[in-house]
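Below you'll find the structure, written out as structure tokens, and then a few comments.
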Amino acid sequence: QVHVVESGGGLVQPGGSLRLSCTASGFILDEYAIGWFRQAPGKEREGISCASSSDGSVDYANSVKGRFTISRDNAKNTVYLQMDNLKPEDAAVYHCAANLMRTRCAGLFLAHEFAYWGQGTQVTVSS
């Protein structure tokens with residue numbers, strides 16, 4: 001049975017850091033391109049990072065480039081999202097998911113290509 005769990009969210013002050021985890025069971029994360037998405041209240045879901053499985057490339061949305069880093073720990077079947085220099089506008093529920101249609105992200109964050117969504121983890125950035 002496929003199961004994805006995101007964790008690591010919480011309350012952090014502006015300028016602070018969090019590391020989110022995306023842990024899977026029932027399938028091997030390294031065989032899929034894995035994306036991180038976020039959705040704030042009243043806003044559309046935003047794709048922010050993707051780690052390819054085919055060539056190891058990673059992509060970031062302009063809104064997080066230079067502040068967020070995506071990485072894999074295959075031994076733990078986990079993908080991480082290191083978030084530094086957090087801003088109030090980063091507050092959202094963060095989800096990870098596996099791309100069933102491509103193994104190379106190619107800078108695309110097309111939500112309809114992703115499946116195995118977790119329940120999400122809340123990130124709040126406030127002083």
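- The side-chain heavy atoms of L20 and M83, taken from C-beta on, include a pair separated by under 4.5 Å.
- Hydrophobic cluster membership is shared by V12 and V64, with clusters built from Ile, Leu, Val, Met, Phe, Trp and Tyr side chains linked at under 4.5 angstrom.
- By the 4.5 Å heavy-atom criterion applied to side chains, S57 and R104 are counted as neighbours.
- For the side-chain hydrogen bond (donor to acceptor under 3.5 Å, both in side chains) test, residues two or more places apart in sequence or in another chain that qualify with E113 are N99, R102.
- In this structure, I28 CD1 and S53 OG are separated by 11.5 Å, a value rounded to the nearest 0.5 Å.
- Note: K87 NZ to S63 OG = 9.0 Å, rounded to the nearest 0.5 Å.
- Remark: the backbone N or O of H95 is not paired with any side-chain donor or acceptor of T121 at under 3.5 angstrom.
- Between F68 atom CZ and D84 atom CG the span is 8.5 Å, to the nearest 0.5 Å.
- By the 4.5 Å heavy-atom criterion applied to side chains, T69 and Y80 are not counted as neighbours.
- When all heavy atoms of A33 and S52 are compared, the closest pair comes out as CB-CA, 4.1 Å.
- Looking only at distances, no side-chain donor or acceptor of R72 sits under 3.5 Å from a matching main-chain atom of G56.
- The distance between the ring centers of W117 and F37 falls below 6.0 angstrom.
- Legend: residues meeting side-chain hydrogen bond (donor to acceptor under 3.5 Å, both in side chains) with T23, ordered by chain and number and at least two apart, are T78.
- Of all heavy-atom pairs between A40 and A91, the closest is CB-O, 3.6 Å.
- A distance of 9.0 Å separates CG of L11 from CG of L18, quoted to the nearest 0.5 Å.
- Within the structure, salt bridge (charged side-chain N to carboxylate O under 4.0 Å, His left out) pairs that include any residue of residues 89-98 comprise R38-D90, R67-D90 (at least two apart or interchain).
- Grouping the Ile, Leu, Val, Met, Phe, Trp and Tyr side chains by contacts below 4.5 angstrom, directly or via other members, places W36 with V58.
- Closest of all the heavy-atom pairs between V4 and A24 is CG2-CB, 4.3 Å.
- For N77, there are no side-chain hydrogen bond (donor to acceptor under 3.5 Å, both in side chains) partners two or more places apart in sequence or in a different chain.
- Atom CD1 of residue I48 and atom SG of residue C96 lie 11.0 Å apart, to the nearest 0.5 angstrom.
- Once rounded to the nearest 0.5 Å, the distance linking OH of Y116 with CG of L100 reads 5.0 Å.
- With sequence neighbours excluded, the residues that form a side-chain hydrogen bond (donor to acceptor under 3.5 Å, both in side chains) with N62 are K65.
- Residues S17 and Q82 share a closest heavy-atom pair of CB-NE2, 3.9 Å.
- Identified under the disulfide (SG to SG under 2.5 Å) test for residues 97-127, with sequence neighbours left out: C50-C105.
- When hydrophobic clusters are built by joining Ile, Leu, Val, Met, Phe, Trp and Tyr residues whose side-chain heavy atoms come closer than 4.5 Å, directly or via intermediates, L108 is not grouped with I34.
- Under the 4.5 Å side-chain contact rule for hydrophobic residues, F114 and F109 share a cluster.
- With a 6.0 Å radius and a threshold of 12 heavy atoms from other residues, nucleotides or ligands, Q119 has its CD atom above the threshold.
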